[in-house]
Amino acid sequence: MLTPSDKALVPFVSVDHMMQLIHHVGLPDMLRGLSTYIADDFARWEQFDKTPRVASHSAEGVIELMPTSDGETYGFKYVNGHPKNTSEGLQTVTAFGLLADVDTGYPVLLTEMTLLTALRTAATSALVAKALAPRGATTMAMIGNGAQSEFQSLAMMAIAGVTHVRLYDIDAGATAKCAHNLAGTGLTVTTCTSPEDAIEGAQILTTCTADKAHATILTDNMVGAGVHINAIGGDCPGKTEIAPGILTRGDIFVEYPPQTRIEGDIQQLPDDHPVTEIWQVLAGQAQGRTSDRQITIFDSVGFAIEDFSALRFVRDQVRNTAFFHPLDLLADPDDPRDLFGMLSRAKG
C-alpha cells in the first residue's frame with residue numbers, strides 16, 4: 001500500500017465538520033462572515049468569469065453545475081432541486097462544491113454545500129435587504145417555512161436588523177417546525193394562517209416556496225408601497241412566485257440578468273424589462289432604494305459567485321483547524337509521466 005503524499009491530499013469538509021465549524025464560529029458570526037465575503041466578491045464582480053449555470057431538467061426537478069473563476073481560483077457547485085423529495089424523506093436541495101488553483105488545476109478544497117448553500121443564500125438575502133429595505137425595517141414576513149426559512153430569519157436578524165418574523169406556510173406543520181426552531185433565538189415569532197396575515201405590518205416580504213410551477217404567492221393587491229420583496233423561491237424555468245403586476249410596479253434587482261431572465265420571476269416579463277444588477281448597488285455604481293414608497297424586489301435565483309465566496313470563507317475558516325479530513329483525491333506518482341508505474345507498485 002502506497003502512502004499518499006501531501007500533494008495527493010485535499011481538505012474535505014464533511015457535513016459533520018461543517019456543523020462543528022458553524023457551532024465553533026457561531027451561527028450569527030458565520031452568516032455575517034459569509035455576507036462580508038459575498039460583498040467583497042461583488043465589489044470585484046467584473047474580475048469573474050460569469051455564465052448561467054448548466055442545468056439538466058426533468059419533470060421531478062433539476063440538477064445544476066455552477067462554475068466561476070476570478071483568474072486565480074476556480075470554483076464550482078453541484079446542486080439539485082427536487083421538490084418531491086420532502087414527501088419521500090429526502091432533502092429538496094443537496095449540494096457539494098470545490099475550489100481549485102487555476103495555475104495547476106489542483107483542487108484545494110472539497111466540501112459539503114447543503115448546509116453551506118442554506119447559509120450563503122440567507123446571507124445574500126440579508127446583505128441585499130440591508131441595502132434595499134426601508135430604513136428602520138424590523139419585521140419580515142416569511143412565506144414558505146421549509147428548510148431555508150430559519151436561515152433566512154436568523155440572517156435577517158444578524159445582518160439586516162430584523163427583530164420580528166411572521167411565518168406562513170400552506171403546511172401548518174412546517175410553520176410549527178420553524179417557530180419551534182426559532183424559539184429562544186431572540187426573534188419575536190408570530191405564526192399566521194394566511195399570506196395576507198403574514199405580510200401585515202411587514203416591511204420585508206420573503207417568499208421561499210418549493211413547487212416547480214408558476215405560482216402566485218404574492219398577488220398584486222397584496223403588496224402596497226414601501227416594502228422590500230425578497231423573492232428566492234423562483235429559481236428555474238417554469239417556477240415563479242410573484243404576480244407580474246407587482247413586478248411592473250417595483251424596481252427589480254438581480255444577480256446576473258442572463259440567468260435570472262431564464263429562471264427568476266422576471267421570466268414572466270419581456271426580455272427588455274429594465275433590471276439593476278445588485279453588485280452595482282453594493283459597489284456604489286447604481287442606486288438602490290430612492291424613496292419611502294418605492295417597492296424594491298430582489299429576484300434572487302442564486303449565482304456561482306456567491307458560492308465561490310462561501311467556499312473561500314470556509315477554506316479560510318478551516319485552515320489550521322480539525323474541521324476537515326485530508327482526502328486522498330489526487331494521483332501523485334513520483335514521476336508525473338509514470339501513472340501506470342504508480343498503479344503497478346500499488347499491487348504489493
Strictly distance-based, threshold 3.5 Å: is any side-chain N or O of [X] a donor or acceptor partner for the main-chain N or O of [Y]?
X      : Y      : result
Asp299 : Phe253 : no
Asn145 : Tyr168 : yes
His273 : Gln267 : no
Gln47  : Gly71  : no
Gln259 : Gly302 : yes
Arg166 : Ala141 : no
Gln91  : Asn85  : no
Thr73  : Asp101 : no
Glu112 : Leu116 : yes
Thr121 : Ala118 : no

Original post:
Is there a side-chain contact (heavy atoms from CB on, under 4.5 Å) between Ser344 and Phe340 once you walk through the steps?
Top reply: CA-CA 6 Å; Ser344 301; Phe340 186 84; 3.2 Å; yes

Taking [atom1] in [X] as the centre, count heavy atoms belonging to other residues, nucleotides or ligands within less than 6.0 Å. Is the count above 12?
X      : atom1 : answer
Lys7   : NZ    : no
Ile170 : CD1   : no
Glu200 : CD    : no
Lys130 : NZ    : no
Glu88  : CD    : yes
Asp335 : CG    : yes

Original post:
What's the verdict on side-chain contact (heavy atoms from CB on, under 4.5 Å) for Arg249 and Val223, showing C-alpha distance, side-chain angles and the deciding distance?
Top reply: CA-CA 10 Å; Arg249 286 194 290 126; Val223 176; 4.1 Å; yes

To the nearest 0.5 Å, how far apart are [atom1] in [X] and [atom2] in [Y]?
X      : Y      : atom1 : atom2 : value
Ser300 : Ile229 : OG    : CD1   : 13.5 Å
Met18  : Thr111 : CE    : OG1   : 3.5 Å
Tyr78  : Leu98  : OH    : CG    : 15.0 Å
Phe308 : Asp70  : CZ    : CG    : 3.5 Å
Phe323 : Gln317 : CZ    : CD    : 10.0 Å
Ile217 : Leu205 : CD1   : CG    : 12.5 Å

Minimum heavy-atom separation for [X] and [Y], please, with both atom names.
X      : Y      : result
Ala129 : Ile204 : CB-CD1, 4.3 Å
Ala331 : Leu339 : CB-CD1, 3.7 Å
Ser69  : Val102 : OG-CG2, 3.7 Å
Tyr256 : Thr51  : CE2-C, 3.9 Å
Met222 : Ile199 : O-CD1, 3.0 Å
Ala155 : Ala126 : O-CB, 3.4 Å

Flag yes if [X] and [Y] sit in one hydrophobic cluster, no otherwise; membership is Ile, Leu, Val, Met, Phe, Trp, Tyr, and two members link when side-chain heavy atoms are under 4.5 Å apart.
X      : Y      : value
Val10  : Val15  : no
Leu109 : Leu119 : yes
Val25  : Val13  : yes
Leu110 : Met113 : no
Leu127 : Ile305 : yes

Would [X] and [Y] count as having a side-chain donor-acceptor pair, cut-off 3.5 Å?
X      : Y      : result
Thr296 : His228 : yes
Asp169 : Thr175 : no
Asn221 : Thr219 : yes
Thr260 : Glu255 : no

**OP:** Determine, using ring centers only, whether Phe303 and Trp45 are less than 6.0 Å apart.
**Re:** yes

Do the charged groups of [X] and [Y] touch, with an N to O distance under 4.0 Å?
X      : Y      : value
Arg312 : Asp40  : no
Arg289 : Asp251 : no
Asp307 : Lys77  : yes
Glu306 : Arg120 : yes

**OP:** Could you walk me through whether Gln148 and Val93 pass side-chain contact (heavy atoms from CB on, under 4.5 Å), step by step?
**Re:** CA-CA 10 Å; Gln148 177 66 207; Val93 174; over 6 Å; no

Side chains of [X] and [Y]: does their closest heavy-atom pair fall under 4.5 Å?
X      : Y      : value
Thr206 : Met156 : yes
Asp338 : Arg345 : yes
Gln152 : Asn230 : yes

Original post:
What orientation do Phe12 and His325 show, parallel under 30°, tilted 30 to 60°, or perpendicular over 60°?
Top reply: parallel

Original post:
Hey, mind stepping through Val162 and Thr138 against side-chain contact (heavy atoms from CB on, under 4.5 Å) and telling me if it holds?
Top reply: CA-CA 4 Å; Val162 165; Thr138 59; over 6 Å; no

**OP:** Start with the C-alpha distance between Asp171 and Lys177, add both sets of side-chain angles, then the distance that settles salt bridge (charged side-chain N to carboxylate O under 4.0 Å, His left out), and finish with yes or no.
**Re:** CA-CA 10 Å; Asp171 178 0; Lys177 175 271 304 180; over 6 Å; no

